[in-house]
*Asks:* 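One structure, pasted below without further comment.
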Amino acid sequence: MNIPTPERQTILTGDRPTGALHLGHYVGSLRQRVTLQEQHRQFILVADLQGLTDNGSNPQKVADNILEVLADYLSVGIDPFKTTICLQSSLPALAELTMLYMNIVTVSRVQRNPTVKNEIAQKGFASSIPAGFLVYPISQAADITAFKAGLVPVGDDQLPMIEQTNEIVHKMNGLLPAPTLVPCKALLSEVSRLPGVDGNAKMSKSLGNAVALSASPDAIAQAVSAMYTDPSHLRVSDPGKVEGNMVFIYLDAFHDDAEYVAELKTRYRQGGLGDRQCKNVLNDRLQTLLAPIRERRAELMQDKGYLMSVLRAGTEKAREQTQQTLVEVKRGLGLPVFY
Ligand code: TRP
């Protein structure tokens, strides 16, 4: 993990609640958050408003997944006493800052954002892009700056968001009598993108190649057994290729004994180590990792009242911070503030 400075920083991360989280989220961000909460002031935003930007006609999907995502957080070890978990739609300062920032960002600048461009193509929006979707990078800049986050742990697909946020920070600070907004840095995890179990470059629920944190033992075993290995490794005695071999990509991401994995790789390359054996090692590792998460998650989902109380308390705490930034910005712009 490339933590640039040891001193305590304010961190913001977030997820759109559009489905339960999966192994890709786990290696890309969740396990990093569990570590970061020990040294830093960490906020996690359940980004339901952002979830609605491409689910405008399906609000139920977003609403239903808020507690699912929260249960995922708590079950992997994110501790609500150490990390403030909050709900975007109950933080009105975020929407207000978005309105203010929209005036200093051009439409063409947003359209040039590579992440937005990709998503527009992927989702087949063509010329019917929801206005809210087009401005979501601006809303994300509002999220990051409202918390005055200096560090934003994200996947590499989110780097253009950080760049755009910093442009807004500099532009807005230039309009204010004193710099108020804080520039941010991305914090990339070691494994920033886990391929799907089908070998597709990205694990994603919508691509149907994800293993959910709540996956049953059978579902895990099935995913591992269907994994793409080296197609020319026909007999156990044949030398095998490790590069691009899904089983080894996953072993690198999940196995905690790097030496052991290195040894497996050597034996696989030499010939004499079968796919089945490697898959057994991976399956054991994933079963051990996910069993306690699945159990805790199931318990948490039995107590929605508790989950709601965690989210409410975190949101109230976050409201103070975000409201304060909004008032500073408004005052700096010379606007009277009547609250
Ligand atoms: N864009 C992020 C995602 O799709 C979610 C998100 C919303 C976020 N606001 C954020 C991430 C602020 C980091 C910081 O997963």
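The chain is numbered in sequence order, starting from 1. Numbering of ligands and ligand atoms starts at 1, following listing order.
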*Asks:* Closer than 3.5 angstrom, by distance alone: can the side chain of Gln287 be matched with the main-chain N or O of Ile220 as a donor-acceptor pair?
*Replies:* no

*Asks:* Less than 4.5 Å apart, any side-chain heavy atom of Leu307 and any of Leu74?
*Replies:* yes

*Asks:* Measuring from Thr84:OG1 to Gln321:CD, what's the distance to the nearest 0.5 Å?
*Replies:* 10.0 Å

*Asks:* Take the angle between the ring planes of Phe125 and Phe133 and call it parallel below 30°, perpendicular above 60°, tilted in between.
*Replies:* perpendicular

*Asks:* Answer with yes or no whether the hydrophobic clustering places Phe248 together with Leu282; edges join I, L, V, M, F, W, Y residues whose side-chain heavy atoms lie under 4.5 Å apart.
*Replies:* yes

*Asks:* Can you list everything that forms a side-chain contact (heavy atoms from CB on, under 4.5 Å) with Val182? Sequence neighbours excluded, please.
*Replies:* Lys148

*Asks:* Report all N/O contacts between ligand 1 and the protein shorter than 3.5 Å as a table of atom names and distances to 0.1 Å; if there are none, say 'none'.
*Replies:*
residue, atom, partner, partner atom, Å
ligand 1, 1 (N), Gln50, OE1, 2.7
ligand 1, 1 (N), Gln140, OE1, 2.8
ligand 1, 1 (N), Gln158, OE1, 3.1
ligand 1, 4 (O), Arg16, NE, 3.2
ligand 1, 9 (N), Asp143, OD2, 2.8

